[in-house]
Amino acid sequence: ESTLGAAAAQSGRYFGTAIAASRLSNSTYTTIAAREFNMITAENEMKPDALQPNRGQFNFSSGDQIYNWATQRGLQVRGHTLAWHAQQPGWMQSLNGSALRQAMIEHINGVLAHYKGKIGAWDVVNEAFNEDGSRRSSNLQGTGNDWIEVAFRTARAADPAVKLCYNDYNIENWSYGKTQGVYNMIRDFKSRGVPIDCVGLQTHFTGGSSLPGNFQTTLSSFAALGVDVALTEVDVTNSSTTQYAGLTQACLNVPRCIGITVWGVRDSDSWRASENPLLFDGNGNKKAAYTSVLNALNSA
Ligand code: G3I
């Protein structure tokens, strides 16, 4: 196959990208995005600050702009993200305790009501752990340690069909404290019947030629708990071809690794553009890393 999406589909997987609404008027960008990818994540437009700028007043205009752009082209959409310490609207940042807990529940209910039946999977909770595997302190964590499971139970009740994911970065190395912290939470959720369907490993890689230790073991270990795994925000400093090929192969080697999403189209679109971390250069040309990923997908 000659595109990332079609090549990934050969093994029943998807290949996605993050899309920014502000770039949808750029035809180089949209041409590549629609041709190469079959799963779309809104880079910022479905986050709490975008969707509920004022309490009780949802604004789905930018999120829907991305949703409609994608689905009109036959592309699927991942939801990102319902509950996070960052990118909260100002009114939410100033809440705490039971008022914040209630606002989180209302936000999840409002967003899932709007996107019910439209989105396959949501990052319900994003980035809730510290590097050592303890919980990150935030206003949400301050509402009680059970805030994460409340978010997942709320989401399941609001839309029983949508897949519910926990999403984080630096959970790729199996020997890392944060990986173990998240792993233990998923295991606990599964043992107690807290609804969770998937783990998103953001996969923001930095430098070097080898992958974080035992990356594939991390994927298979999460999967063995009974959840799907996905690489949700991939980018690699200077687009190391060996790291890009290796992370693709690791996903292909794990049956429950359901897809890969890169965090942007061209290097110039990236949140870390100076590190040239994506598969297309600023002019929209395919980079060597693109070929290494496509070849890995095609030889699966
Ligand atoms: O849109 C405004 C613009 O009007 C304003 O003039 C400008 C001035 O700062 O800011 C613009 O908003 C920026 C927005 O990106 C859109 O470009 C925000 O400042 C900036 O903070 C925001 O950054 C985003 C970041 O999340 C914020 O947390 C990045 O685009 C986005 O790629 C990044 O994505 C996160 C994932 O959601 C979670 N994992 C890590 C990943 C990378 O940080």
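When a ligand or atom number is given, it counts from 1 through the structure's own listing order. In what follows, every heavy atom counts, from backbone to side chain, and hydrogens, waters and symmetry copies are set aside.
- Of the protein's non-hydrogen atoms, the one nearest atom 26 (O) of ligand 1 is K47 NZ, 3.1 Å.
- In this structure, atom 1 (O) of ligand 1 has no protein heavy-atom contact shorter than 4.0 Å.
- Only the side chain of W263 comes within 4.0 Å of ligand 1, counting heavy atoms alone; its backbone N, CA, C and O stay farther away.
- At a threshold of 4.5 Å between non-hydrogen side-chain atoms, the residues R272 and T206 count as touching.
- Between the side chains of E45 and Y67, no donor-acceptor pair is found at a separation under 3.5 Å.
- Counting only residues at least two apart or on different chains, no salt bridge (charged side-chain N to carboxylate O under 4.0 Å, His left out) pair has a member in residues 202-225.
- Side-chain contact between R78 and I40 is absent, with no heavy-atom pair separated by less than 4.5 Å.
- Put simply, atom 15 (O) of ligand 1 has protein non-hydrogen atoms near it, under 4.0 Å away.
- For ligand 1, the atoms closer than 4.0 angstrom to any heavy atom of E233 are 36 (C), 38 (C), 39 (N), 40 (C), 41 (C).
- Side-chain N/O atoms of H114 and D64 include a donor and acceptor closer than 3.5 Å.
- Closest to atom 28 (O) of ligand 1 among all protein heavy atoms lies Q87 OE1, 2.9 Å.
- Put simply, atom 24 (C) of ligand 1 has protein non-hydrogen atoms near it, under 4.0 Å away.
- At a threshold of 4.5 Å between non-hydrogen side-chain atoms, the residues I171 and Y176 do not count as touching.
- There is no protein heavy atom less than 4.0 angstrom from atom 12 (O) of ligand 1.
- The N/O atoms of H80, backbone and side chain alike, include one that comes under 3.5 Å of an N/O atom in ligand 1.
- Using modelled atom types, one finds no donor on one side chain facing an acceptor on the other under 3.5 Å when comparing N96 with N139.
- Remark: atom 32 (O) of ligand 1 lies closer than 4.0 Å to at least one protein heavy atom.
- Between L24 and T30, some side-chain heavy-atom pair lies under the 4.5 Å cut-off.
- At a heavy-atom distance under 4.0 Å, only side-chain atoms of N44, from C-beta outward, approach ligand 1.
- For ligand 1, the atoms lying closer than 4.0 Å to a non-hydrogen atom of N126 are 38 (C).
- The presence of a protein heavy atom under 4.0 Å from atom 7 (C) of ligand 1 is ruled out.
- Within the structure, ligand 1 lacks R272 among the residues with a heavy atom less than 4.0 angstrom away.
- Between W263 and H80, the ring-plane angle classifies as perpendicular under the 30° and 60° cut-offs.
- Of the protein's heavy atoms, at least one falls inside 4.0 Å of atom 39 (N) of ligand 1.
- Counting only residues at least two apart or on different chains, the salt bridge (charged side-chain N to carboxylate O under 4.0 Å, His left out) pairs with a member in residues 177-187 are E131-K178, D168-K178.
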